[in-house]
Chemist: 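Here it is, the structure in full.
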Amino acid sequence: MIAWDPVFNQSGPTEFVFRVFSTVPEIQALLFLLFLLLYLMILCGNTAIIWVVCTLSSLHTPMYFFLSNLSFVEICYTTDVVPLMLSNIFGAQKPIPLAGCAAQMFFFLTLGGADCFLLAIMAYDRYVAICHPLHYTLIMTQKLCVQMVTGALGLALFLSLQLTALIFTLPFCGRRREINHFLCDVPPVLRLACADIHVHQAVLYVVSILVLTVPFVLISVSYSFITLAILRIRSAEGRKRAFSTCSSHLTVVLLQYGCCALVYLRPQSSSSVDEDRQFALIYTFITPLLNPLIYTLRNKDVKAALKKAISGKGSGP
């Protein structure tokens, strides 16, 4: 394991500031209200999913167990970024110390990695449910589900700790550096280092492959088998129901992995900082918001469970 080196070979403490979105007060106010509204919708939507899954025993299944864990990760993920982002929209640029930047990056990478791993686990769950329905309860036991979620979080913690520790042993020249972003993400922070970063970029690509490419390949394989199994269903209504169940998950997968891949797997020479910020807005706001919207508006079980829970007719666990 890479050791955390508290000595950064710099004179005086280093601070970072984030590039402002706009200096026009009217635009600042509009952006603040927009991001605040999206953040509140993310909190309310994902909290509602966790609440209804915990409240109603009819939703105590592996699929909804993974969904509630995904919602919890989404809440923590956006909370790591958005409050600080909102505080920096108005007024002068507010500095963030080196340790604070490192902490934000660590939690952002951990929760983002856990998010990607959970999406892969959910694809495997759908594969077992559709391709091996008779053995579903025997395979997807409660113990296995807990182990898979714990393993996803543990692997994400390990990889993000290694990457964050490696990056923050770099020297950053100057006392105050401006990050052309709204969070301490890896690519914009690496651009501020005054040392050779080829090794660090190579490690970033390796971690990105482990977090993005490998799970996406597993998801693709799972859905290849799922598609073949669905096409063998004789009933048109049965095929429609099966495709509807999987399309919700696929929508979130394509947005999450697609935008993250464009930021982390694209060569640095061809990447644009402004484009990276735009892609980051998608997986910081849009994907966490789509999660509760898709799984509630397109899922009859969740909609029915929400109505029961609100009316007080739901049964406890």
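Excluded from the calculations below are hydrogen atoms, water molecules and symmetry mates; all remaining heavy atoms, backbone and side chain alike, are included.
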Chemist: Between the side chains of Y136 and D125, does any donor sit under 3.5 Å from an acceptor?
Modeler: yes
Chemist: Any chance the SG atoms on C116 and C260 come in under 2.5 Å?
Modeler: no
Chemist: Within the structure provided, determine whether L218 and Y223 are in side-chain contact (heavy-atom separation under 4.5 Å).
Modeler: no
Chemist: Are the aromatic ring centres of F182 and F18 under 6.0 angstrom apart?
Modeler: no
Chemist: Considering residues at least two apart in sequence or located in another chain, which fulfil the side chain to side chain contact (heavy atoms under 4.5 Å, CB included) criterion with A103?
Modeler: none
Chemist: Is any side-chain heavy atom of Q104 less than 4.5 Å from a side-chain heavy atom of L84?
Modeler: yes
Chemist: Just verifying a value: how many Å separate I49 CD1 and F72 CZ, rounded to the nearest 0.5 Å?
Modeler: 14.5 Å
Chemist: Would you say the ring centers of F35 and F21 fall short of 6.0 Å from each other?
Modeler: yes
Chemist: With a 4.5 Å cut-off on side-chain heavy atoms, are I179 and V17 touching?
Modeler: no
Chemist: Is the Y127 ring parallel, tilted or perpendicular to the H132 ring (thresholds 30°, 60°)?
Modeler: perpendicular
Chemist: Tell me every residue that passes side chain to side chain contact (heavy atoms under 4.5 Å, CB included) with T137, counting only those two or more places apart in sequence or in another chain.
Modeler: none
Chemist: Enumerate the residue pairs fulfilling ring pair (Phe, Tyr, Trp, His ring centres under 6.0 Å) with a member in residues 102-124, sequence neighbours excluded, ordered by first and then second residue.
Modeler: Y77-F108
